[in-house]
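Encoded as structure tokens, the structure appears first; notes follow it.
Throughout, a chain's letter reflects where its sequence line sits, starting with A, and its residues are numbered from 1. Since the model is a prediction, treat every value here as computed from it, not as a measurement.
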Amino acid sequence: MIDTAALRAEQIEKAKAVIKQDNQGFDEPKWIAGADVGFEQDGKITRAAIAVLSYPSLELVEYRVARVPTSLPYIPGLLSFREYPALMAAWSQLTTVPQLVLVDGQGIAHPRRLGVASHFGLLIDVPTIGVAKSRLCGKYDESGLQDGAAVPLVDKDEQIGWVWNSKARCKPLYVSVGHRVSQESALLWVERCMRGYRLPEPTRWADAIASRRPAFVRWLAAHPEKNVDEG
DNA sequence: GCGACAG
DNA sequence: ATCTTGTCGC
């Protein structure tokens with residue numbers, strides 16, 4: 001059985017270590033990464049992809065894919081325990097260490113303030129930002145989403161992130177502090193990583209790699225020397 | 001008690 | 001998350 005109560009207690013404990021202020025020296029990052037997790041073989045295998053992009057050019061320079069046996073089922077609120085092992089495996093293989101990582105999922109916009117972006121950030125001790133495609137908790141003013149402005153995501157009278165319509169006619173993004181970034185910087189860096197799509201480039205590439213999308217397959221054909229795919 | 005619920 | 005074609009709207 002899974003001791004969910006113990007995992008929740010661990011989240012409350014770890015959340016105390018999350019730093020919600022800007023990290024010294026990442027104001028001009030040279031590399032920004034995107035991280036995403038997917039599954040194979042009916043969920044038995046967890047697969048993490050990390051894409052490292054140059055900044056500000058936002059070009060893919062390196063990627064890593066790691067596969068590990070799935071250790072936990074999906075339980076809302078406990079996602080990070082299921083995903084961090086594979087993320088760590090991919091992270092440890094990186095040659096280029098980024099100064100900032102955008103993670104697919106919530107940062108502190110979580111019931112106990114420890115989404116996968118925060119948990120992973122604590123483990124690698126590198127600034128991270130949570131960029132989720134849907135909401136876990138919190139409420140916001142939907143009427144304020146119109147003109148492309150970000151609106152506060154609030155839970156228990158506390159702002160835990162932003163809801164931002166990154167692209168017209170698309171569902172909004174839920175941006176929150178992961179670790180070692182301020183709430184203002186979290187939104188700012190996501191905005192700086194946009195190139196016309198709903199998702200910021202780092203996360204978009206990580207997703208393309210994890211799902212082997214056409215854009216990534218084309219990039220691989222153009223950069224055969226960077227092929228590190230293990231299958 | 002009831003509904004909500006990242007990926 | 002993942003399985004998948006066409007289809008609606010800009």
A:Arg135 vs B:dC5: side-chain N/O to OP1/OP2 distance below 4.0 Å
yes
Could you tell me the separation between the CD atom of A:Gln41 and the P atom of C:dA1, rounded to a whole number of Å?
19 Å
Under 4.0 angstrom between A:Arg47 side-chain N/O and C:dT2 OP1 or OP2:
yes
Quick check against the 3.5 Å criterion: does A:Arg82 have a side-chain atom that pairs as donor or acceptor with the backbone of A:Leu72?
yes
Nucleotide C:dC3, atom P - distance to CG of A:Asp42 in whole Å
10 Å
To check you understand the geometry: which heavy-atom pair defines the closest contact between A:Val190 and A:Val131, and what is its length?
CG2-CG2, 3.9 Å
Only residue of A:Leu173, A:Ile129, A:Leu102 satisfying side chain to side chain contact (heavy atoms under 4.5 Å, CB included) with A:Thr203 is A:Leu102
Give the nucleotide from the list B:dA6, B:dG7, B:dC5 with an atom nearest to the side chain of A:Asp104.
B:dG7
Using a strict 4.0 Å threshold on nitrogen-to-oxygen distance, state whether A:Asp155 and A:Arg135 make a salt bridge.
no
Euclidean distance, atom CG of residue A:Leu173 to atom P of B:dG7 [Å, nearest integer]
10 Å
Between A:Phe81 and A:His119, is the ring centroid distance below 6.0 Å?
yes
Polar contact flag, side-chain donor to acceptor under 3.5 angstrom, A:Asp22-A:Ser182:
yes
Calculate the interatomic distance between A:Arg213 atom CZ and C:dT4 atom C1'; express it in whole Å.
12 Å
A:Leu199 atom CG is separated from B:dG7 atom P, nearest whole Å, by 10 Å
A:Asp36 CG to B:dG7 C1': how many Å, rounded?
8 Å
Of all heavy-atom pairs between A:Gln183 and A:Ile160, which one has the smallest distance, and what is that distance?
NE2-C, 3.7 Å
OP1 or OP2 of B:dG7 under 4.0 Å from side-chain N/O of A:Ser134
yes
Counting only heavy atoms not in A:Gln21, do more than 12 fall under 6.0 Å of its CD?
no
Which whole-number value in Å describes the distance from A:Arg8 CZ to B:dA6 P?
13 Å
Short side-chain N/O contact to B:dG7 OP1/OP2 from A:Lys133, under 4.0 Å
yes
What nucleic acid atoms does A:Leu72 come within less than 4.0 Å of, heavy atoms only: base, sugar-phosphate, or nothing?
nothing
Among B:dA4, C:dA1, C:dC10, the one nearest A:Arg169 by side-chain distance:
C:dC10
Tell me whether A:Thr128 contacts the main-chain N or O of A:Val101 through its side chain, where contact means a donor paired with an acceptor under 3.5 Å.
no
Considering only side-chain heavy atoms of A:Tyr74, which listed nucleotide, B:dC5, C:dC10, B:dA6, is closest?
B:dA6
Tell me what A:Gly38 touches on the nucleic acid: a base, only sugar-phosphate, or nothing, going by heavy atoms under 4.0 Å.
sugar-phosphate
How is A:Gly77 classified with respect to the nucleic acid when contacts are heavy atoms under 4.0 Å: base, sugar-phosphate, or nothing?
base
Annotated structure of DNA chain B as dot-bracket, pair cut-off 3.5 Å, Watson-Crick or G-U only, | for inter-strand, is .......
Run through A:Arg192, A:Glu201, A:Lys30, A:Gln99 and flag the one making a side chain to side chain contact (heavy atoms under 4.5 Å, CB included) with A:Tyr55.
A:Arg192
Rounding to a whole Å, what distance do you find between A:Leu79:CG and B:dG7:P?
8 Å
As a check on the pairing definition, encode DNA chain C in dot-bracket form, counting Watson-Crick and G-U wobble pairs whose two distances are under 3.5 Å, and using | for partners outside this strand.
..........
